[in-house]
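What follows is a set of notes on a single structure, which appears directly below.
Sequence lines set the chain letters: A, B, ... in the order given, protein chains first and strands last, and positions in each chain run from 1. Only heavy atoms go into these numbers, but all of them, side chains included; no hydrogens, no water, no symmetry mates.
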Number of protein chains: 2
Amino acid sequence: MPELDAIDRKILSYLQNDSRLTMQELADKVGLSVSPCHRRVKLLEERGVISRYIATVDQKALGLHVSVFISIKLARQKEEDLNRFARAISKWDEVLECYLMTGNRDYLLRVVAADLASYETFLKTKLTRLDGIASIESSFALSQVKYSIALPV
Amino acid sequence: MPELDAIDRKILSYLQNDSRLTMQELADKVGLSVSPCHRRVKLLEERGVISRYIATVDQKALGLHVSVFISIKLARQKEEDLNRFARAISKWDEVLECYLMTGNRDYLLRVVAADLASYETFLKTKLTRLDGIASIESSFALSQVKYSIALPV
DNA sequence: GCCGATATTGGGATATTTTACCAATCGAAA
DNA sequence: TTTCGATTGGTAAAATATCCCAATATCGGC
């Protein structure tokens with residue numbers, strides 16, 4: 001796999017912030033003409049460096065006022081148990097992020113909900129119904145100080 | 001502000017997953033013709049429901065193998081202290097997310113780095129140089145089980 | 001249930017943008 | 001300098017977005 005050169009990195013950093021730039025605009029910003037710029041973008045897509053193009057939606061506009069971090073410990077940590085948990089989590093739209101962690105908890109989840117009532121519903125009808133969970137601890141976010149998808153390039 | 005109807009929500013859910021759909025494709029999926037579909041998308045953009053269009057980049061492809069969650073307590077929690085912290089955090093590209101939390105910590109950060117050495121550099125040259133921090137606790141993610149930007153609509 | 005006012009839709013024409021092709025240029029090694 | 005491979009830039013064709021206007025649907029009051 002070929003390395004990313006300075007121009008590739010520039011392209012990535014611009015597209016991470018605005019994927020609606022036209023090829024002409026992007027080419028100007030990175031100092032190329034349209035053709036080679038277009039070819040580089042296509043290559044980055046084919047190699048999977050650029051994985052998708054998406055629209056970001058305002059959480060408040062959707063009425064999702066609650067963000068919760070949930071620490072979870074499983075009763076057992078065999079691969080089979082971890083996989084079963086991962087499969088269940090992946091199905092639920094409320095769970096935006098889930099990480100397998102080091103230290104004294106197994107998983108860390110970020111969950112969004114409209115309000116406390118619907119978060120409670122999520123807990124009661126989904127999370128706590130899973131087998132093999134030893135403990136659940138919720139921490140609520142008062143506000144989102146920073147939220148970015150743009151990786152440092 | 002007008003409510004989002006079923007078609008608006010369909011539009012959002014498709015565009016959250018793939019913003020490169022053509023208007024024709026999107027219109028077919030939501031059951032409209034191109035014109036009204038296009039008008040709805042533009043309105044969603046103007047109202048700020050759709051906030052941006054971005055490319056997502058593969059973290060591994062950039063060599064960012066370390067994801068860390070950092071819990072931070074400040075020495076004082078006056079508004080002035082919180083603002084100063086927020087401003088500093090916002091400048092740093094390594095910090096992808098930052099939340100003001102309830103409970104026994106003040107902030108929760110998600111940080112990415114190439115490896116443990118560069119994470120250590122981040123800590124030493126940036127985070128620990130901030131005034132007013134009472135405690136820092138890092139938890140490392142072993143793997144990303146789920147990562148989505150698509151809010152439930 | 002009917003009517004009018006208002007908002008929403010669909011089709012078609014036009015402007016923009018993407019995409020593919022090919023010749024020109026650049027860079028490295030002999 | 002010469003040659004080879006990779007990268008670039010321009011151009012033209014195809015695909016797509018965007019705008020306008022007439023037709024249709026929706027919702028209020030009567």
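Atoms CD1 (B/Ile11) and P (D/dA17) sit 13 Å apart, rounded to a whole Å. Atom CD of B/Glu3 and atom C1' of C/dA7 are 17 Å apart (whole Å). One interatomic measurement links the two molecules: NZ of A/Lys42 to P of D/dA15, which rounds to 14 Å at whole-angstrom precision. In this entry the distance linking NE2 of A/His38 with P of D/dA14 reads 16 Å, nearest Å. In this entry the distance linking CD of B/Glu46 with C1' of D/dT18 reads 13 Å, nearest Å. The distance from atom CE of B/Met23 to atom P of C/dG11 is 17 Å, rounded to the nearest whole Å.
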Close N/O contacts between protein and nucleotides 7-13 of chain D (under 3.5 Å):
unit_1: D/dT8; atom_1: OP1; unit_2: A/Arg40; atom_2: NH2; d: 3.1
unit_1: D/dG9; atom_1: OP2; unit_2: A/Ser33; atom_2: N; d: 2.9
unit_1: D/dG9; atom_1: OP2; unit_2: A/Ser33; atom_2: OG; d: 3.1
unit_1: D/dG9; atom_1: O5'; unit_2: A/Ser33; atom_2: OG; d: 3.2
unit_1: D/dG10; atom_1: N7; unit_2: A/Ser35; atom_2: OG; d: 3.1
unit_1: D/dG10; atom_1: O6; unit_2: A/Ser35; atom_2: OG; d: 2.2

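Closest approach of A/Cys98 and A/Leu109 over heavy atoms only: SG-CD1, 3.7 Å. Of all heavy-atom pairs spanning A/Ala150 and A/Ser148, the tightest one is N-OG, 3.0 Å.
A donor-acceptor contact closer than 3.5 angstrom is absent between the side chains of B/Tyr99 and A/Ser139. Side chain to side chain, A/Asp81 and A/Gln77 fail the donor-acceptor criterion of an N or O pair below 3.5 Å.
Side-chain contact between A/Arg47 and A/Leu4: present, with at least one pair of heavy atoms (C-beta onward) separated by less than 4.5 Å. Residues A/Asp106 and A/Leu82 have side chains not in contact (no heavy-atom distance under 4.5 Å, counting atoms from C-beta outward).
Residues A/Leu21 and B/Leu43 each lie close to DNA chain C; by heavy-atom proximity, the contact nearer the 5' end of the strand is made by B/Leu43.
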